[in-house]
Amino acid sequence: MRNSSAKSGPCSVTYDVLIVGAGFTGATMARLLADAGQRVLIIDKRNHIGGNAYDYEDEQGVRVHKYGPHIFHTNSDRVFAFLSRFTEWRPYEHRVLSAVQGKLVPFPINLTTLEMLGLEHLRSPAEIGAHPANAEEQCFQRVGPELYEIFFKGYTQKMWGKHPRELDASVTARIPVRWDSRDDRYFTDKHQAMPKDGYAALFWRMLDHPNIHMALSYAYPTTPEARAWRQFPMPEKTIWTGPIDEYFGHCFGPLPYRSMRFETSLASTNACGAATVNYPDAATPWTRETQWALLAGSNDTMTPTTNEYPTAEGEPYYPIPCPEARALYKRYEALADAETNATFLGRLGRYQYINMDQAVGQAMAAFEKANPARDKHPA
Ligand code: FAD
Ligand code: UDP
């Protein structure tokens with residue numbers, strides 16, 4: 001470990017808490033507990049910290065996010081203040097173009113998008129307040145059938161391997177539409193910025209604490225025999241941020257997750273200047289392409305470029321927001337509620353499609369709930 005007071009590897013020390021997973025959820029919990037005087041062992045099966053937000057500099061010195069583009073945005077002052085203890089920020093507002101009908105148009109849909117496609121006559125098609133039953137209905141209500149076909153149907157089907165009718169309305173509700181504005185930002189949150197030295201550096205600083213020991217490339221030993229064989233120190237409390245079904249040995253069957261293949265190669269930098277281009281048509285096998293030099297604000301002529309190919313098999317990146325998966329999750333959640341010594345948190349531990357700031361906020365709330373007598377963490 002680099003210049004860190006956090007110790008590496010489980011050892012003879014006894015710990016108050018074991019945290020499984022060193023992503024935003026696990027690292028936030030580790031730091032809050034360590035600041036409160038508890039001795040924490042945090043493990044991750046991967047050989048790096050940061051979970052899916054992990055990044056690195058490639059041979060050219062361009063920062064690449066190993067698991068696809070991670071753009072930080074939040075409306076929460078306290079989440080932003082907490083993370084600001086561990087990083088300075090580089091202001092960054094994400095802009096995305098969508099490749100449709102032979103053009104590159106701004107996305108989310110705004111007035112410029114409509115004009116470029118000759119569709120400025122379209123207007124919000126439904127009464128606000130209707131409760132869409134699924135993602136298709138949500139799109140019909142928010143953008144209408146023409147724009148649904150152009151921008152949402154193919155992308156959503158590729159992304160999730162399901163028809164939008166089979167998915168929760170909340171999936172496509174993440175995307176706004178701007179009928180009367182030319183605002184072409186992907187997000188409109190109060191705080192939008194990237195960690196100045198990258199996510200990995202932010203995590204190193206967050207976990208750099210004398211009360212935190214960590215073990216990387218260290219999967220949680222799932223059976224008592226494996227724990228005994230590895231002389232695994234079992235603290236009384238466990239915080240689990242891995243897949244909840246894995247913790248319970250998939251006893252009700254595996255929960256479905258969407259995975260992704262990230263293909264990265266060197267390419268000429270897009271003249272359009274947008275770091276990310278979405279490909280919503282059903283025929284293109286990838287969903288989006290990200291050019292890392294543009295994300296970093298550099299004007300290099302060549303850039304590492306990552307295309308995202310959604311897959312059914314592989315690392316569990318996305319819980320699938322659909323009724324059947326939720327019903328199966330509820331059965332695991334009932335088991336989790338009955339576990340007195342384990343707490344389940346995060347995108348995989350709670351099977352929730354949450355962003356980075358929500359993972360941090362959820363961990364902060366869980367810490368405060370479990371430690372009501374303590375002062376709030378220093379912000
Ligand atoms: P994770 O980051 O998944 O961390 C869980 C960790 O647990 C992993 O490191 C895993 O290796 C470890 N683990 C699992 N099982 C075990 C085990 N048995 N033993 C040991 N360790 C284990 N959010 C945004 O805010 N903005 C974005 O732009 C954005 N873009 C995204 C793009 C993609 C392609 C993806 C997949 C996600 C994106 N997100 C984005 C979401 C963001 O990645 C999550 O909100 C965040 O990573 C959740 O943190 P977490 O700690 O809950 O989970
Ligand atoms: N979406 C779409 N077309 C796009 C972008 C998004 O249909 O060009 C839909 C799709 O269902 C996607 C969801 O909106 O899964 C949420 O998009 P977001 O960009 O928030 O996805 P993430 O960054 O989490 O992968």
Side-chain angles (χ1 to χ4, degrees), residues 71 73-76 79 96 98 100 106-111 113-114 117 119-181 183-190 244 252 255-258 278 280 282 287-288 310 317-334 336-337 344-359 361-362 365:
I71 318 299
H73 58 102
T74 188
N75 283 317
S76 167
V79 165
V96 171
S98 187
V100 298
F107 188 83
I109 298 162
N110 70 26
L111 196 49
T113 318
L114 297 171
L117 297 175
L119 295 172
E120 57 272 44
H121 57 281
L122 294 178
R123 271 290 167 265
S124 182
E127 290 299 309
I128 291 171
H131 291 295
N134 56 54
E136 185 180 61
E137 264 187 48
Q138 193 278 335
C139 290
F140 282 170
Q141 288 183 13
R142 184 171 276 181
V143 300
E146 286 105 320
L147 294 170
Y148 164 67
E149 287 288 337
I150 298 171
F151 289 101
F152 291 93
K153 190 177 175 188
Y155 190 111
T156 300
Q157 176 77 48
K158 284 191 292 189
M159 173 64 211
W160 301 100
K162 285 185 179 296
H163 192 280
R165 266 195 303 274
E166 299 175 275
L167 293 160
D168 292 351
S170 59
V171 175
T172 44
R174 288 167 63 88
I175 310 293
V177 56
R178 302 183 184 126
W179 299 107
D180 298 310
S181 142
D183 187 348
D184 62 349
R185 295 171 304 162
Y186 207 69
F187 306 109
T188 51
D189 300 57
K190 179 172 174 190
I244 186 169
F252 300 131
L255 276 164
Y257 297 91
R258 199 66 177 153
N278 285 4
T287 47
R288 56 187 177 193
Y317 293 128
Y318 288 83
I320 301 187
C322 69
E324 308 80 65
R326 195 167 38 258
L328 182 54
Y329 166 69
K330 286 279 163 207
R331 298 182 69 193
Y332 283 110
E333 189 187 30
D337 288 346
F344 296 80
L345 291 174
R347 186 147 146 142
L348 302 172
R350 291 232 176 128
Y351 201 70
Q352 284 173 346
Y353 183 12
I354 52 173
N355 294 327
M356 295 181 281
D357 65 320
Q358 294 170 300
Q362 187 185 91

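For the numbers below, each heavy atom of this structure counts, side chains included, while hydrogens, waters and symmetry mates do not.
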- Message: Cation-pi check for Y318 against R347: NZ or CZ below 6.0 Å from the six-membered ring centre and within 45 degrees of the axis, yes or no?
- Response: yes

- Query: Sub-3.5 Å donor-acceptor pair from the side chain of S181 to the main-chain atoms of D183, do we have one?
  - Reply: yes

- Task: To the nearest 0.5 angstrom, please state how far the CZ atom of F344 sits from the CD1 atom of I244.
- Result: 5.5 Å

- Query: If you round to the nearest 0.5 Å, how far is CG of L114 from CG of L119?
  - Reply: 6.5 Å

- Roughly how far apart are L345 CG and I354 CD1, rounded to 0.5 Å? 8.5 Å

- Shortest non-hydrogen contact between W160 and V171, atoms and distance: NE1-CG1, 3.4 Å

- Between N75 and D189, is there a donor-acceptor pair closer than 3.5 Å when you use the side chain of the first and the backbone of the second? no

- Item | R326 and D168: CA distance, side-chain angles, deciding distance, side-chain contact (heavy atoms from CB on, under 4.5 Å) verdict | CA-CA 10 Å; R326 195 167 38 258; D168 292 351; 2.5 Å; yes

- Query: Just by distance, do the side chain of N134 and the backbone of E137 share a donor-acceptor pair under 3.5 Å?
  - Reply: yes

- Could you pull out the closest heavy-atom pair between A325 and P256, with the gap in Å? CB-CG, 3.7 Å

List the atom pairs, donor and acceptor, that lie under 3.5 Å between side-chain atoms in residues 144-157 and the rest of the protein, sequence neighbours left out.
from : atom 1 : to   : atom 2 : distance (Å)
Y148 : OH     : E136 : OE2    : 3.2
T156 : OG1    : F152 : O      : 2.7
Q157 : OE1    : H163 : N      : 3.4

- Report the C-alpha distance between T188 and R178 in whole Å, list the side-chain angles of each, state the deciding distance to 0.1 Å, and finish with yes or no for side-chain contact (heavy atoms from CB on, under 4.5 Å). CA-CA 12 Å; T188 51; R178 302 183 184 126; 3.5 Å; yes

- Message: Could you report the tightest heavy-atom contact between D184 and P106, atom names first, then the distance?
- Response: CB-CB, 4.3 Å

- What's the spacing between R185 CZ and N110 CG if we round to 0.5 Å? 11.5 Å

- Message: To the closest 0.5 Å, what do you measure between CZ (F107) and OG1 (T113)?
- Response: 8.5 Å

- Can you find a pair of side-chain heavy atoms, one from P310 and one from R258, that are under 4.5 Å apart? yes

- Taking atom CD1 of I175 and atom CG of N278, what is their separation to the nearest 0.5 Å? 8.0 Å

- Please examine the side chains of P280 and V100, heavy atoms only from C-beta on, and report whether any two atoms are closer than 4.5 Å. yes

- Message: Classify the ring geometry of Y351 against Y329: parallel below 30°, tilted from 30° to 60°, perpendicular beyond 60°.
- Response: parallel

- Task: Can you see which heavy atom on A173 is nearest to which on R142, and at what distance?
- Result: O-NH1, 3.4 Å

- Task: Mind checking side chain to side chain contact (heavy atoms under 4.5 Å, CB included) for N355 and listing every partner two or more places apart, or none if nothing turns up?
- Result: H73, R174, D357, Q358

- Between A169 and Q138 the two heavy atoms that sit nearest each other are O-CG, 3.6 Å

- Item | Nearest non-hydrogen partners of Q362 and G346, listed with the distance | OE1-N, 2.7 Å

